[in-house]
Protein chains: 2
Amino acid sequence: MAAHARAHAHGAPDLTKNQALVLGALEKAEAPLSAYALLDQLRAEGLRAPLQIYRALEKLTALGLAHRLESLNAFVACAHRGGHGGHACPHDGAHRLMAFAICESCGGVEEFCEAAVEQGLKTWASSHGFRPAKTVLELRGLCARCPARPEAETTGA
Amino acid sequence: MAAHARAHAHGAPDLTKNQALVLGALEKAEAPLSAYALLDQLRAEGLRAPLQIYRALEKLTALGLAHRLESLNAFVACAHRGGHGGHACPHDGAHRLMAFAICESCGGVEEFCEAAVEQGLKTWASSHGFRPAKTVLELRGLCARCPARPEAETTGA
DNA sequence: CGGCTTCATATGTAATAACATATCAAACTC
DNA sequence: GAGTTTGATATGTTATTACATATGAAGCCG
Ligand SMILES: [Zn+2]
Ligand SMILES: [Zn+2]
Ligand SMILES: [Zn+2]
Ligand SMILES: [Zn+2]
């Protein structure tokens with residue numbers, strides 16, 4: 001077999017087999033996957049222990065190919081994979097603030113950048129002497145495609 | 001014993017004994033506490049099972065008296081306890097966006113609101129049809145009081 | 001060059017720690 | 001007695017530690 005699994009020609013530096021498997025699973029998923037969900041999916045491929053998953057995830061998140069959703073304890077593939085090209089949000093090289101909008105109905109995740117948000121946080125931080133190393137910004141709610149609520153409530157005031 | 005422990009005259013609706021104990025521990029703490037750290041602290045007071053802590057925390061967070069930090073799996077007392085009065089951030093009644101700046105050196109947490117951030121998120125959400133139910137916004141980094149880094153690095157280029 | 005050591009990185013496996021919830025029964029309040 | 005709070009046990013889920021092994025590149029020595 002070839003030196004390493006390059007696996008999906010993402011332009012990514014060659015990933016190892018486990019990393020490629022985990023990233024592949026994340027890319028195919030419609031919703032974020034927990035480490036143990038990944039493990040279940042990848043048992044067929046020979047992965048057996050949580051650590052194999054966590055190690056791959058650590059590398060993938062460090063490379064910006066996957067992201068951890070803190071409010072879910074789960075992971076998604078980066079939405080900008082294959083080339084952040086025409087995209088206003090090159091969070092590879094520069095590290096801009098990534099935000100996630102997570103639909104609690106369908107599980108879908110949108111990854112976005114919003115300059116005003118980033119600027120506002122920068123303002124607060126510098127005026128308070130806080131030096132952020134990482135920012136977690138996750139919106140939980142309902143996406144555009146999902147109807148209001150599965151809840152029964154009296155319509156009146 | 002009296003009806004319920006009102007415990008600290010916070011103007012809060014009367015808390016149960018366990019809720020008061022948990023809130024008291026959070027208020028005394030210098031840094032966020034995990035549920036199990038709370039449990040350890042409160043064993044002396046008779047609490048014995050995780051569920052007792054989690055039940056209290058659920059109520060306290062619902063009341064806005066405590067907050068969960070998702071990126072830490074830990075909890076803090078609300079910084080605005082005792083009366084959000086002169087404070088520009090009445091996140092009791094109205095639910096404004098709360099943000100947290102968490103120092104990774106000393107563990108200190110600052111709770112803040114920043115209108116530009118909130119507005120920026122609102123803008124993104126409405127233009128994308130996303131209806132947020134809850135927003136998680138946590139800055140991880142170094143606070144004003146903590147020196148740069150405990151790291152040794154060669155100074156040269 | 002071929003074989004050896006060395007080093008760095010990636011893997012595999014087991015055990016355990018840390019975080020969170022389910023279930024059910026007793027007690028207390030109204 | 002209904003509703004709530006509580007307590008105790010058990011279980012489920014997420015993450016890490018510790019240790020052993022594999023793999024491949026680089027440098028050395030015959
Ligand atoms: Zn991304
Ligand atoms: Zn949706
Ligand atoms: Zn607060
Ligand atoms: Zn600090």
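Throughout, protein chains are lettered first and strands after them, A, B, ... in sequence-line order, and every chain is numbered starting at 1.
We find that CD1 of I53(A) is positioned 14 Å from P of dT16(D), with the value rounded to whole Å. In this structure, L51(A) places its CG atom 9 Å from C1' of dT11(C), rounding to the nearest Å. Look at CG on L72(A): it is 18 Å from P on dC19(C), rounded to the nearest Å. Atoms CG (L21(A)) and P (dT11(C)) sit 9 Å apart, rounded to a whole Å. As rounded to whole Å, 15 Å separates atom P of dA15(D) from atom OH of Y36(B). Computed from coordinates, the L47(B) CG to dT5(D) P distance equals 16 Å when rounded to whole Å. Summarising the geometry, the separation between CG on N18(B) and C1' on dA27(C) is reported as 13 Å, rounded to the nearest angstrom. Atom CD in E58(A) sits roughly 11 Å away from atom P in dT17(D) (whole-Å rounding).
Contact between the side-chain N/O atoms of Q52(B) and the OP1/OP2 oxygens of dG7(D) is found at a separation under 4.0 Å. Proximity of K59(A) to the phosphate of dA10(C): a side-chain N or O atom is located under 4.0 Å from OP1 or OP2. A close approach under 4.0 Å does occur between a side-chain nitrogen or oxygen of Y54(A) and OP1 or OP2 of dA15(D). The side chain of R68(A) places no N or O atom within less than 4.0 Å of a non-bridging phosphate oxygen (OP1 or OP2) of dT14(D). At dG7(D), none of the side-chain N or O atoms of R48(B) fall inside 4.0 Å of OP1 or OP2 (strictly under the cut-off). Of the side-chain N and O atoms in S34(B), none sit less than 4.0 angstrom from OP1 or OP2 of dA18(C). Dashed line: the shortest gap from a side-chain N or O of N73(A) to OP1 or OP2 of dA20(C) is not under 4.0 Å.
Here the closest heavy-atom approach between residue L26(B) and residue L57(B) is recorded as CD1-CD2, 4.0 Å. The two residues V109(B) and L69(B) make their nearest non-hydrogen contact at CG2-CD1, 3.9 Å.
A donor-acceptor pair shorter than 3.5 Å can be found between the side chains of H67(A) and E111(A).
Position along DNA chain D of the nearest nucleotide to A37(A) versus R55(A) favours A37(A) as the more 5'-ward residue. Summary of the strand contacts: P50(A) and P50(B) both lie near DNA chain C, and taking for each the nucleotide with the nearest heavy atom, the more 5' one is attributed to P50(A).
Ring pair W124(B)/F130(B) is tilted by interplanar angle, where 30° to 60° counts as tilted.
Using a 4.5 Å cut-off on side-chain heavy atoms (C-beta onward), R145(A) and C106(A) make no contact.
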